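Sharing a structure, written as structure tokens. Questions coming.
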Amino acid sequence: MALLDVSALQVQYGRVTALSGVDLRVGEGEVVTVLGANGAGKSTLLRAILGAVPVRAGGITFDGVDLTRQPPHARIKAGVVLVPEGRRILISLSVEENLLLGAHMRTDSRAIRAEIDAIYQRFPNLGERRHMLASCLSGGEQQMLAIGRAMLAKPRLMMLDEPSLGLSPLFVSKLFDLIRELNRGGLSVLLVEQNTGKALGVAHHATVLELGRVVMAGDPKALAADPRLQEAYLGEGTPAHH
Ligand SMILES: Nc1ncnc2c1ncn2[C@@H]1O[C@H](COP(=O)(O)OP(=O)(O)O)[C@@H](O)[C@H]1O
Ligand SMILES: [Mg+2]
């Protein structure tokens with residue numbers, strides 16, 4: 001049984017069909033990446049899994065429990081977190097206040113303290129700025145903060161929406177190192193990325209969306225070698241037989 005099982009998922013925004021029957025599975029301990037052009041429905045898929053947009057048809061089960069009609073807080077409690085596009089850290093709060101927000105459903109304050117200190121050790125720039133406003137961080141540091149905050153919810157599945165967007169090459173490397181490290185620690189990851197090469201490099205499985213449908217899915221190495229990936233990703237919609 002997969003940890004996350006999304007089946008025949010449909011989402012509409014008014015008359016716009018954003019997802020029309022998407023199937024996706026994330027096994028325990030896996031990194032699964034979702035690729036596709038702008039507008040393909042990637043963010044909608046993550047939002048639907050979190051419960052931030054209503055599902056029209058289809059189902060979402062997590063660890064065998066049907067979450068399809070559960071509110072977001074119940075899903076977060078079950079172990080699902082989303083690091084949204086554009087990071088959405090609170091720039092008017094300090095670095096540490098942002099981290100503590102991630103732990104707001106927990107009461108084990110000593111463990112929380114230890115986990116925050118471990119984040120500061122891994123990212124000294126965050127530790128040095130713990131009492132400063134998060135707005136003083138670079139984009140890369142803000143992304144690490146957003147991931148650290150999500151980790152403090154003690155997730156079993158972390159969803160990341162285009163985390164490398166706008167980051168310097170150095171931080172892109174740091175980001176993918178961090179994803180690998182968290183995954184080695186047992187975290188399952190659902191990764192939406194623009195950086196196809198890096199995403200396929202870290203993933204156990206890959207799925208490509210086009211206009212709300214799965215058009216390719218399978219082994220990342222096979223997908224990386226498939227010329228149709230480039231087409232789907234660039235969203236040219238060119239027929240294969242022109
Ligand atoms: N809040 C919204 N209201 C109406 N349409 C939306 C909304 N969010 C996304 N869409 C539409 O849904 C489709 C999928 O968007 P999205 O999930 O953001 O794609 P991606 O993340 O792959 O770029 C697009 O056609 C987009 O215009
Ligand atoms: Mg998106």
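Both ligands and their constituent atoms are indexed starting at 1 by order of listing. All values reported here derive from a predicted model rather than from experimental measurement.
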Could you tell me which atoms of ligand 1, counted from 1 in the order shown, lie closer than 4.0 angstrom to a heavy atom of Ala40? 19 (O), 20 (P), 22 (O)
Atom indices of ligand 1, in the order listed, that fall short of 4.0 Å to a heavy atom of Asn38: 23 (O)
Thr44 heavy atoms, cut-off 4.0 Å: which ligand 1 atoms fall inside? 14 (C), 15 (O), 16 (P), 17 (O)
Heavy-atom nearest pair, Ala78 first then Arg156, reads O-CD, 4.1 Å
I'd like to know if Asp108 and Arg106 make a salt bridge, using a cut-off of under 4.0 Å between side-chain N and carboxylate O. yes
Closer than 4.0 Å to some heavy atom of Ala37 - which atoms of ligand 1 meet that? 22 (O)
Residues Leu99 and Arg149: closest non-hydrogen pair is CD2-N, 3.6 Å
Is it true that Lys174 and Glu141 have a side-chain N and a carboxylate O under 4.0 angstrom from each other? no
Taking backbone and side chain together, does Thr44 place any N/O/S atom at a distance below 2.8 Å from the Mg ion (ligand 2)? no
Does Gly36 have a non-hydrogen atom less than 4.0 Å from ligand 1? no
With atoms numbered from 1 as shown, which atoms in ligand 1 lie under 4.0 angstrom from a non-hydrogen atom of Gly41? 14 (C), 16 (P), 17 (O), 19 (O), 20 (P), 22 (O)
Heavy-atom protein contact below 4.0 Å for atom 26 (C) of ligand 1: no
